[in-house]
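Naming convention: chains lettered A, B, ... in sequence-line order (proteins, then strands); numbering from 1 in each chain. What you see is a predicted model; the values in this text were computed from it and never measured. Note that these values count all heavy atoms, side chains included, but never hydrogens, waters or copies made by symmetry.
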Number of protein chains: 2
Amino acid sequence: MLKKERQAFILKQINLHNRVLSSDLSLEINVSEDTIRRDLLELSVEDKLIKVHGGALSKSFHSSFLREDIYQLDAKKLIAHKALNLIKDGMFVLTSGGTTVIELARILPVALKATFFTGSIPAAYEYAKHPNIELIFIGDKISKSSQITVGGEAIMKINSIKPDLCLLGVNAIDLAAGVTDNDWDVVQVKKAMVEAASKTAVLTITEKLNSSQKLKICDINQVDYLITEKDHQHDLFHAYASAGVEIL
Amino acid sequence: MLKKERQAFILKQINLHNRVLSSDLSLEINVSEDTIRRDLLELSVEDKLIKVHGGALSKSFHSSFLREDIYQLDAKKLIAHKALNLIKDGMFVLTSGGTTVIELARILPVALKATFFTGSIPAAYEYAKHPNIELIFIGDKISKSSQITVGGEAIMKINSIKPDLCLLGVNAIDLAAGVTDNDWDVVQVKKAMVEAASKTAVLTITEKLNSSQKLKICDINQVDYLITEKDHQHDLFHAYASAGVEIL
DNA sequence: TATAAATAGGCAAAAAAGTGCAAAAATATG
DNA sequence: CATATTTTTGCACTTTTTTGCCTATTTATA
């Protein structure tokens with residue numbers, strides 16, 4: 001069998017079954033696993049498939065969602081980088097959805113080994129691409145507007161875990177009003193998340209600071225860390241720092 | 001043998017077998033391999049064949065592989081459209097992941113009002129965009145390779161529902177071997193899905209027909225509908241139809 | 001953390017390809 | 001017809017490609 005034929009065969013198997021094992025191909029085509037590995041390497045640099053330990057995966061399965069224009073993306077990236085400091089190897093992390101949290105999911109260091117819980121579909125999609133984190137999706141009804149799980153079953157599930165850290169992307173935060181939002185179902189879930197976690201970090205652009213909405217998620221004193229794009233010594237944060245929130 | 005005769009012979013062999021080896025041709029025509037190589041070089045600059053190390057490949061063979069992705073996508077879209085006929089307003093539909101199912105998710109008519117259950121992140125992402133369907137995500141550990149929920153909790157959840165229809169994107173289906181797959185965790189979940197649903201429809205391109213993998217999801221007699229891109233009267237389906245599967 | 005599988009990188013043998021050359025054959029030209 | 005010119009072909013040689021094997025590392029997973 002010619003090399004090109006072999007590679008075509010491999011691609012066909014991948015498109016057919018979404019994944020192949022080097023060992024299987026080696027047996028089927030009757031060449032050494034080294035040869036298969038070299039083929040997979042070539043095809044992967046040609047962007048025809050995704051090479052993984054032990055074989056290869058179909059590309060179509062792993063193409064990413066289109067990133068739409070995100071408001072203040074640079075600020076959100078900065079926030080994400082700051083938030084990384086809170087996440088350590090072996091941690092159990094519970095995260096909400098929201099563009100800032102998704103940005104964080106994208107930049108998690110590949111070496112990080114941790115367990116993430118989330119009910120957000122876009123966030124889960126990003127976490128799932130990470131090689132070393134274990135992902136537990138909290139299922140139930142999906143809220144269309146926020147693409148996040150809501151409902152009693154999800155809340156029960158959240159109550160049954162005890163994560164080290166909750167990363168909350170929020171809509172509004174204010175010293176007096178606390179963390180607030182405007183979707184009843186989402187608020188119930190976020191409430192449960194804050195309650196369950198040992199520590200809670202709020203991720204938000206400063207624009208949302210000192211604003212409030214109609215439904216309350218938690219008080220300021222339940223927030224352990226506040227992460228924004230501005231320097232932690234900025235005047236804006238004095239009152240929050242006094243209230244016991246650590247500013248990052 | 002004249003040079004032109006020889007080249008015509010080579011082209012004939014290529015069209016017949018899709019590939020030729022320089023060494024074979026040298027023996028058959030009784031000229032040196034150098035001459036064959038020069039012939040192949042000439043024919044390849046004339047765009048009559050594709051020269052590769054060791055011989056040559058037919059043009060159609062090669063170009064069909066380049067276009068395979070698009071070709072398969074068309075097939076999957078066709079399958080998705082056929083599958084639509086099974087889905088009625090008010091139904092509870094349980095779906096797996098896989099590119100074909102995701103294609104279906106993309107083309108659900110906006111007017112359709114139904115409840116969808118899934119454990120696939122990409123599929124959920126598509127369902128979530130639909131205005132009128134209610135989406136319940138089945139949560140648990142997410143399998144990285146297939147981006148689908150796996151694990152005992154997910155299976156228990158599936159067992160607790162009684163959907164009207166299960167839409168299964170499969171990796172391999174065969175009359176004797178039944179529906180098979182290659183990931184243990186995924187197989188457990190799919191098994192539960194088939195068990196739970198009143199009716200099961202298998203969505204697959206015909207290329208996956210009559211192929212099998214190592215782990216069994218269910219027997220052919222548990223499959224109610226088989227949906228492929230080919231006409232339902234195609235010879236390929238006789239045996240399946242005889243086994244009681246309705247071909248769409 | 002320990003163990004087995006998978007991988008990368010170096011090496012060598014074999015196959016194939018490129019190169020230059022010269023003999024043979026075909027073709028052109030006076 | 002004789003000679004010059006071009007084309008074709010095979011051969012000797014070097015270079016490149018392909019492949020399998022080996023060993024040290026890395027990776028997956030219990």
Side-chain angles (χ1 to χ4, degrees), chain A residues 1-11 13-14 19-46 48-57 89-90 108-115 127-136, chain B residues 1-11 13-14 19-46 49-57 62 141-146 150-152 182-188 214-215:
Chain A
M1 188 180 248
L2 295 167
K3 187 185 171 192
K4 291 282 176 190
E5 276 188 286
R6 199 178 53 227
Q7 297 193 348
F9 178 82
I10 291 173
L11 280 179
Q13 290 302 309
I14 291 229
R19 85 171 224 206
V20 289
L21 301 181
S22 304
S23 51
D24 284 354
L25 288 172
S26 166
L27 288 172
E28 287 178 79
I29 312 181
N30 218 46
V31 289
S32 75
E33 286 196 40
D34 299 76
T35 302
I36 298 292
R37 253 195 300 279
R38 273 184 283 242
D39 282 340
L40 296 181
L41 187 69
E42 278 182 39
L43 292 169
S44 77
V45 301
E46 286 170 29
K48 302 272 181 61
L49 50 75
I50 296 179
K51 198 173 169 300
V52 295
H53 200 92
L57 303 174
D89 266 17
L108 291 175
V110 285
L112 179 70
K113 286 189 211 293
T115 304
Y127 293 135
K129 287 198 276 194
H130 191 285
N132 288 313
I133 65 174
E134 180 141 349
L135 171 59
I136 313 289
Chain B
M1 188 180 250
L2 296 169
K3 187 181 171 192
K4 290 284 174 195
E5 273 187 283
R6 200 177 53 227
Q7 296 196 348
F9 178 82
I10 292 173
L11 280 179
Q13 291 300 308
I14 290 233
R19 77 155 220 239
V20 288
L21 302 182
S22 304
S23 52
D24 284 355
L25 288 172
S26 166
L27 286 171
E28 289 178 78
I29 313 182
N30 217 47
V31 289
S32 75
E33 287 197 36
D34 298 74
T35 303
I36 298 293
R37 255 196 298 279
R38 273 184 283 241
D39 282 340
L40 295 182
L41 187 68
E42 279 181 38
L43 292 169
S44 78
V45 299
E46 286 170 32
L49 49 73
I50 312 263
K51 198 172 167 299
V52 298
H53 200 93
L57 300 173
H62 200 258
K141 184 168 171 344
I142 302 292
S143 153
K144 291 254 170 60
S145 54
S146 50
V150 296
N182 54 20
D183 183 311
W184 199 84
D185 287 326
V186 172
V187 164
Q188 304 314 307
K214 308 222 171 90
L215 302 168

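Going from atom CG of Leu27(B) over to atom P of dA16(C) covers 11 Å, rounded to whole Å. In this structure, Glu5(B) places its CD atom 16 Å from C1' of dA26(C), rounding to the nearest Å. To the nearest angstrom, P of dA15(C) lies 16 Å from CZ of Arg6(A). Between the NZ atom of Lys4(B) and the C1' atom of dA26(C) there is a distance of 15 Å, given to the nearest Å. Residue Asp183(B) contributes atom CG, which lies 15 Å from atom C1' of dT29(D) at whole-angstrom precision. Following rounding to the nearest Å, Asp185(B) (CG) and dA30(D) (P) show an atom-to-atom distance of 10 Å. The CG-C1' distance, from Asn30(B) to dT9(D), rounds to 13 Å in whole Å. Summarising the geometry, the separation between CG on Leu2(B) and C1' on dA26(C) is reported as 11 Å, rounded to the nearest angstrom.
Side-chain N or O atoms of His130(A) include one that pairs as donor or acceptor with a backbone N or O of Pro109(A) at under 3.5 Å. Between the Lys144(B) side chain and the Ile133(A) main chain, a donor and an acceptor come within less than 3.5 Å of each other. The main-chain N or O of Leu49(A) is never found under 3.5 Å from a side-chain atom of Ser44(A) such that the two would form a donor-acceptor pair.
Between dT19(D), dG10(D), dG20(D), one nucleotide has an atom nearer to the side chain of Ser32(A) than all others, and that is dG20(D).
At least one side-chain heavy atom of Ser143(B) sits under 4.5 Å from a side-chain heavy atom of Val150(B). Lys3(A) has its side chain within reach of Asp39(A): a pair of non-hydrogen atoms, C-beta onward, lies under 4.5 Å apart. At a threshold of 4.5 Å between non-hydrogen side-chain atoms, the residues Ile10(B) and Ile29(B) count as touching. By the 4.5 Å heavy-atom criterion applied to side chains, Gln7(B) and Leu43(B) are counted as neighbours.
Judged by closest nucleotide on DNA chain D, Thr35(A) is the one of Thr35(A) and Asn132(A) placed further toward the 5' end.
Look at Asp183(B) and Arg19(A) and you find a salt bridge, because one of the NZ, NE, NH1 or NH2 atoms lies within 4.0 Å of a carboxylate O, short of that distance.
With 3.5 Å as the limit, one finds no donor-acceptor pair spanning the side chains of Ser23(A) and Ser26(A).
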If you restrict it to nitrogen or oxygen atoms, what contacts under 3.5 Å exist between nucleotides 3-9 of chain C and the protein, and what is each distance?
residue: dA6(C); atom: O4'; partner: His53(A); partner atom: NE2; Å: 3.1
residue: dA6(C); atom: O3'; partner: Gly54(A); partner atom: N; Å: 3.0
residue: dT7(C); atom: OP1; partner: Val52(A); partner atom: O; Å: 3.4
residue: dT7(C); atom: OP1; partner: Gly54(A); partner atom: N; Å: 2.6
residue: dT7(C); atom: OP2; partner: Arg37(A); partner atom: NH1; Å: 2.7

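Helix-axis bend for the helix from dT1(C)-dA30(D) to dG30(C)-dC1(D): the local axis fitted to the five terminal pairs at one end deviates from that at the other end by 40°, rounded to 10°.
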